[in-house]
Amino acid sequence: MSGIKQHIGSIALVVKDYDEAIEFYTKKLSFELVEDTDLGEGKRWVLITPPNSNGTHILLAQATEPEQLDAVGNQAGGRVWLFLNTNDFWRDHEKMLNNGVIFHEKPRIEPYGTVAVFEDLYGNKWDLIQQK
């Protein structure tokens with residue numbers, strides 16, 4: 001298996017509306033809009049990424065079926081689903097609070113780093129974390 005190199009390129013996030021999701025992630029979380037390509041028939045290829053990311057993107061996938069709509073905001077069954085790593089927890093925590101992001105707890109110090117759970121515009125839970 002030597003010579004094989006792989007990485008997660010994108011993770012799909014089911015959303016109700018492309019534009020409201022782009023607005024939340026770019027304005028509230030300071031993510032970058034990498035691509036927004038019209039695929040026709042209401043579909044778009046929308047990629048976002050945190051600033052200075054390592055190359056993994058989130059693909060915003062607009063729900064079109066009832067079971068997809070049911071998954072919006074609950075992609076992990078109520079558990080923390082995504083982990084936003086940062087090199088400055090307190091800077092990003094304050095900025096996110098000032099931007100109206102809802103946190104479910106006060107920041108806490110754990111053996112692995114400083115962390116707090118927040119939610120996206122649909123209620124999916126994320127960790128903001130600065131690892132030790």
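Taken to the nearest 0.5 Å, the CG atom of Leu60 stands 12.0 Å off from the CD1 atom of Ile11. For the atom pair Phe118 CZ and His104 NE2, the distance stands at 10.0 Å (nearest 0.5 Å). Rounding to the nearest 0.5 angstrom, the gap separating the CG atom in Asn85 from the CD atom in Gln131 is 4.5 Å. Distance check: Asn99 CG to Phe24 CZ gives 9.0 Å after rounding to the nearest 0.5 Å. For the atom pair CG (Leu128) and CE (Met96), the distance works out to 5.0 Å, reported to the nearest 0.5 Å. If you take CG on Leu121 and NZ on Lys28, they are separated by 9.5 Å, rounding to the nearest 0.5 Å.
With sequence neighbours excluded, the residues satisfying salt bridge (charged side-chain N to carboxylate O under 4.0 Å, His left out) with Asp36 are Arg44. Taking Val34 as the reference, Leu47, Thr49, His57 meet the side-chain contact (heavy atoms from CB on, under 4.5 Å) condition, with sequence neighbours excluded.
Between the Tyr18 side chain and the Val46 main chain, no donor and acceptor come within less than 3.5 Å of each other. Gln68 places no side-chain N or O within donor-acceptor distance of the main-chain N or O of Ala63, the cut-off being under 3.5 Å.
Nearest approach of Thr86 to Asp88, heavy atoms of both residues: OG1-N, 3.0 Å. Scanning all heavy atoms of the two residues, the minimum distance from Leu33 to Thr26 falls at N-CG2, 4.2 Å. Of all non-hydrogen atoms in Val115 and Glu110, the two that sit nearest each other are CG1-CG, 3.9 Å.
When the shell of 6.0 Å around CG of Leu39 is examined, it contains more than 12 heavy atoms from other residues, nucleotides or ligands. Annotation for Glu94: atom CD does not count as buried by contact number, only 12 or fewer foreign heavy atoms lying within 6.0 Å.
The aromatic rings of Tyr25 and Phe31 sit tilted relative to each other, their planes meeting at an angle between 30° and 60°. A perpendicular orientation is assigned to the rings of Trp90 and His93, their planes being inclined by more than 60° (bins at 30° and 60°).
Hydrophobic clustering (ILVMFWY, side-chain heavy atoms < 4.5 Å, transitive): Leu29 and Phe103 are in one cluster.
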